[in-house]
2 protein chains.
Amino acid sequence: MSTIKDVARVAGVSIATVSRVANNGPKVGDKTRTRVLKVMADIGYTPNANARALVTQKSSTIGVVIPDLTDPFFASLANGVDQIARQHNMQLLLSTGLISAESELQAINVLIERRCDVIVLHSKKIANDDLLKLADKVPGLVLIDRYIEQISHRCIWLDNEEGGRIAARHLMSLEHRDVACISSKYQIDDPLMRLQGFSDELNSANLTIDDELIEYGEPNLQGGEIATQKILAKGKPFSAIFVYNDAMAIGAISTLEDNGFKVPSDISVIGFDDVLLSRYSRPKLTTLHYPIEKMAKKAAFLALQLSNKNVDIDSSSEYKYIPQLVKRESTVFKS
Amino acid sequence: MSTIKDVARVAGVSIATVSRVANNGPKVGDKTRTRVLKVMADIGYTPNANARALVTQKSSTIGVVIPDLTDPFFASLANGVDQIARQHNMQLLLSTGLISAESELQAINVLIERRCDVIVLHSKKIANDDLLKLADKVPGLVLIDRYIEQISHRCIWLDNEEGGRIAARHLMSLEHRDVACISSKYQIDDPLMRLQGFSDELNSANLTIDDELIEYGEPNLQGGEIATQKILAKGKPFSAIFVYNDAMAIGAISTLEDNGFKVPSDISVIGFDDVLLSRYSRPKLTTLHYPIEKMAKKAAFLALQLSNKNVDIDSSSEYKYIPQLVKRESTVFKS
DNA sequence: GTGAAAGCGCTAACAC
DNA sequence: GTGTTAGCGCTTTCAC
């Protein structure tokens, strides 16, 4: 591939001039500029971003770490960051971290090797201490969907506990008293907090969840199916289920109906996340809206600011989002 | 951020030695190696991938151009490429192209600037000639979801026309004679070919589609809703609809039911793509399976081979995929 | 086994 | 307005 030197040679100018033209720099004669531009087009010159990054010390790429792309929730996250990247003429470098601490660490490391100025990190497995070190190393690093007190001004997170409470209040307002729960088998913060909030709110109304009516599974459609089967197998009565996320909730509904239970008339189901799917499932899913795209944009924007030494940040800020109840068709008054 | 020089200085060796250690190179004394490794860890050294790419002339990143991430179809595409990237210890650089030729061109250009060795390009708008030039410039470039004769061995594509034919045969086998079509308003190859095949097959059975029963819309849920409303407004009878993709089909079903038509008992609906959603919609969608993830993997793998000068490729190969009919619940015998 | 040095393609002073 | 030059951080001969 042709380089700046080739252009310079053919156009009969120095490489400095070519560089100026390429960067729309000042002080270049009009005839020179047009001539250089023509040569560039002729020989198909494309500047080498790696070389440029090396000398300018900035790569103009935004790095994102997410577990995987097929989950619509994470796709939305990446999409939010991408939108901010476009606005700033930056590129998205995507690193999938899957679910182990090791692979998350490796994913983030790749981004640092590439000298991403700006990184939005969704990490569930890396220990706080390691995250603190990373944050220290990369000024433009922001955590999404996680909260660490020492770097609270660099965390964009959702109040999962409050989400659990809202779900509980909603179900109680519909007079459900015997509720089951389906949670994620990955014992990370989110499921724990959601369950905690849910349980607390029930308790404060003198209700409790029967431990046997709590099941755990993979946080996807199939996980919801299996967990529901297990709960059903116990043979204990319940009139509503609080499910960890929408995918599991839809899996749960499918299983319930296969077993002769009508949703919502026999059993109400409430999900979490409000992914697109939840608006088009039958019955349409009542769920808690998780404004992930908005949060991702905020995260990218914040990371951009942090990476810019000229802007100073109030390190006491907090970026906590509250999930919103979206009432649709899968929950009704207890019959 | 610390550099190779810092490591060299602290460890009391030359940068060449550090480089050897960093790359697991040969001929380094054991004590030296451990000492250098320790220093690296101590000062938190992370090699600069840009500098490395500059000298080695390879970036070990796979570039992908897709319109956007939120469409599950494209997310699957990106995911397929990502899996191959992981296998080869490469990174995914994602460039979203949206829908204009200009933005697609710009998206691919960013990838070339970054000197991606390997590029999987989903382009609908760029003219054949321009694509040919790009392919010439970047040996590791592969087109997905598009066919250009001159570079047929670098195209991974689906036989959309055959898909249309299969859909037509399926509907005819269920004795539908009056069929409507919903197509994409973006008059690119896919919708045109699908409609063509569909129409041809009907014709060969002496059936025709009433032009008034063909409507065009955005290829998403809402587009399907609007197109269906328009068709309904014509007041012409029909017993089945062939829809451009699953999202539109689900939108169509929702609108049909809102207007008092039962799917499939009153009207059968067949979609295209077989995205995850189609398995969980009610009724479950009959559709044509588009093996996009498999094709994306193939594309990435092929691009990888192409980028490697040591492997030579049979330039007469073709990579045509045939969609498969997936019968679910949204189509039945005409009543 | 280790080091010195050249150079990848580019930008950014600094001269003229 | 244009050219010369010194690196950016790294790999890779080529000596020793």
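Numbered from 1 within each chain, the chains take letters A, B, ... in sequence-line order.
Side-chain contact annotation: B/Tyr147 with B/Asn160, donor-acceptor N/O pair under 3.5 Å absent. Side-chain contact of B/Asn79 with A/Thr70: a donor-acceptor pair under 3.5 Å is absent, judged by distance alone.
Between atom CD of residue A/Glu113 and atom OG of residue B/Ser60 there is a gap of 8.5 Å, rounded to the nearest 0.5 Å. Atom CG of A/Asn220 is separated from atom OG of A/Ser184 by 9.5 Å, given to the nearest 0.5 angstrom.
The distance between atom CG of A/Asp30 and atom C1' of D/dT2, rounded to the nearest whole Å, is 15 Å. What separates CZ of A/Arg33 from C1' of D/dG1 is a distance of 11 Å, to the nearest Å. Rounded to whole Å, atom P of D/dA6 lies 12 Å from atom CD1 of A/Ile15. Distance A/Asn50 CG to C/dC10 P: 10 Å, rounded to the nearest Å.
Minimum atom distance to the side chain of A/Arg20 is reached by C/dA13, of the listed D/dC8, C/dA13, C/dG9. For B/Leu54, counting side-chain heavy atoms from C-beta on, the closest listed nucleotide (C/dA12, C/dG3, C/dG9) is C/dG9. Side-chain proximity of B/Thr17 to the nucleotides D/dT12, C/dT11, C/dG3 is greatest for C/dG3. For A/Lys27, the listed nucleotide lying nearest its side chain is D/dG1; candidates were D/dT12, D/dG1, C/dT11. Here C/dA4 is the nucleotide among D/dG9, D/dT4, C/dA4 with the atom lying nearest to any side-chain atom of B/Ser14. You'll find that the side chain of B/Ile4 is closest to D/dC10, out of D/dC10, D/dT2, C/dC10.
At D/dG9, none of the side-chain N or O atoms of B/Thr3 fall inside 4.0 Å of OP1 or OP2 (strictly under the cut-off). In this structure, A/Thr32 does not reach the D/dG1 phosphate: none of its side-chain N or O atoms is under 4.0 Å from OP1 or OP2. A sub-4.0 Å separation between OP1 or OP2 of D/dT11 and a side-chain N or O of B/Gln57 is absent. Side-chain nitrogen and oxygen atoms of B/Ser19 include at least one within less than 4.0 Å of the OP1 or OP2 phosphate oxygen of D/dT11. Proximity of B/Asn23 to the phosphate of D/dT11: a side-chain N or O atom is located under 4.0 Å from OP1 or OP2.
Mapped onto DNA chain C by nearest heavy atom, A/Lys5 and A/Val55 fall at different nucleotides, with A/Lys5 at the one closer to the 5' end. Nearest-nucleotide positions on DNA chain D place A/Thr56 closer to the 5' end than the other of B/Arg52 and A/Thr56.
The number of heavy atoms from other shown groups lying within 6.0 Å of CD (B/Glu149) does not exceed 12.
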